[in-house]
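Let me begin by presenting the structure, written as structure tokens, before commenting on it.
Predicted, not measured: the structure shown is a model, and the values here were computed from it.
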Amino acid sequence: SESTLDRVELTDNVSTGWGGAVYASGGDVTLTHLWAEGNQVGTSGVIATFDAEATLTNSVIVNNSVAPGGNYVVGTGEGLTYNNVIAGNLTSGGDSSVKNVALASYGLVYNNIVIDNDGYGFYCAGGTFEYNLAHGNGSDDFANEPSCGVVNLQSDPLFVYSAAGDFALESLSPAVDAGNPASGYND
């Protein structure tokens, strides 16, 4: 089966298990232009997919929390994750093992900005992680770095005014024109 969420705000949800904002099991899932904020999850995944081919694109995942021992904020498994901002996500009790972007086996992770989160920014355990920017994540910006790819940046992205929810890039941002050059990722 196929499911699509487009231009949806997912705020202030609570899950004691998986998927504080979105949980999908099986099928194809497309998540685009989401705003996920203030969600709380017990086990894993503010955005969690299991045995699903998922695409997460052009979304903001900000100020969510994962319980101690939780696994990740965004996990798209075998899918495609690109052009997203993942910022300010916390773990209750400051658990430094939480991964903010993680793939279980294979998938593509391009053009994402992951900043100021507890735990790991990108957890590279498989798949392709390239053209991403990470900065100020608690444990490490790129865990398992050799498998993360070679064209990732570690630098302040210079958002216009992230405290007010404006994640546009300033003109001098190191992320400007630094993404995957393939036309399918220009948005």
Side-chain angles (χ1 to χ4, degrees), residues 5 8-24 31-50 54-77 79 81-104 107 109-125 127 129 132-144 148 152-169 175:
L5 288 176
V8 175
E9 288 188 19
L10 303 164
T11 59
D12 302 319
N13 296 292
V14 176
S15 169
T16 57
W18 293 74
V22 174
Y23 175 72
L31 309 168
T32 185
H33 299 101
L34 298 184
W35 185 279
E37 181 174 15
N39 299 289
Q40 299 175 31
V41 62
T43 303
S44 290
V46 172
I47 308 287
T49 62
F50 181 73
T55 298
L56 174 66
T57 182
N58 299 310
S59 297
V60 175
I61 316 299
V62 62
N63 301 326
N64 298 284
S65 65
V66 177
N71 191 18
Y72 54 84
V73 174
V74 174
T76 54
T81 302
Y82 68 98
N83 297 353
N84 301 291
V85 172
I86 299 164
N89 296 290
L90 305 174
T91 57
S92 309
D95 185 349
S96 63
S97 67
V98 169
K99 299 121 181 125
N100 280 283
V101 178
L103 292 177
V109 178
Y110 293 138
N111 300 358
N112 298 285
I113 297 176
V114 177
I115 66 160
D116 299 330
N117 299 286
D118 283 352
Y120 297 104
F122 291 92
Y123 188 80
C124 312
F129 289 75
N132 298 292
L133 184 147
H135 179 71
N137 295 291
S139 297
D140 194 357
D141 288 331
F142 293 97
N144 294 339
C148 276
N152 293 304
L153 301 172
Q154 285 182 275
S155 183
D156 186 337
L158 302 177
F159 290 127
V160 170
Y161 191 43
S162 61
D166 185 349
F167 294 98
L169 299 172

From D116 atom CG to D156 atom CG, the distance as rounded to the nearest 0.5 Å: 8.0 Å

Point-to-point distance, once rounded to the nearest 0.5 Å, from CZ of F159 to CD1 of I113: 4.0 Å

N/O donor-acceptor pair under 3.5 Å between S155 side chain and L153 backbone: no

Verify, without hydrogens or angle tests, whether S59 (side chain) and L34 (backbone) share a donor-acceptor contact under 3.5 angstrom. yes

Taking the side chain as every heavy atom from C-beta outward, state whether T81 and T57 have any atom pair closer than 4.5 Å. no

Would you call Y82 and T55 a side-chain contact if the rule is heavy atoms closer than 4.5 Å? yes

Output for pair (L31 CG, L5 CG), nearest 0.5 Å, gives 5.5 Å

For the residue pair W35 and F167, does the interplanar ring angle fall in the parallel (under 30°), tilted (30 to 60°) or perpendicular (over 60°) class? tilted

When rounded to the nearest 0.5 Å, the distance separating CD of Q40 from CG of N64 is 9.0 Å

Would you confirm whether N137, through its side chain, and Y120, through its main-chain N or O, come within 3.5 Å as a donor-acceptor pair? no

Would you check if N112 and V85 make a side-chain contact, meaning some heavy-atom pair closer than 4.5 Å? no

For a 4.5 angstrom cut-off between non-hydrogen side-chain atoms, does V41 reach W18? no

Is there a donor-acceptor pair closer than 3.5 Å between any side-chain N or O of N39 and the backbone N or O of A21? no

Test N117 against every option in N89, N63, D141 by the side chain to side chain donor-acceptor pair (under 3.5 Å) rule and name the one that passes. N89

So does G38 get a backbone contact from the side chain of T11, meaning a donor-acceptor N/O pair under 3.5 Å? no

What one should report as the nearest heavy-atom pair of N13 and G20 is CB-O, 3.1 Å

Using a 3.5 Å distance criterion without hydrogens, assess whether the side chain of S162 forms a donor-acceptor pair with backbone atoms of G165. no

Could you check I47 against I61 for side-chain contact (heavy atoms from CB on, under 4.5 Å), going step by step and ending with a plain yes or no? CA-CA 9 Å; I47 308 287; I61 316 299; 4.1 Å; yes

side-chain contact (heavy atoms from CB on, under 4.5 Å) between L133 and N152, intermediate numbers included: CA-CA 6 Å; L133 184 147; N152 293 304; over 6 Å; no

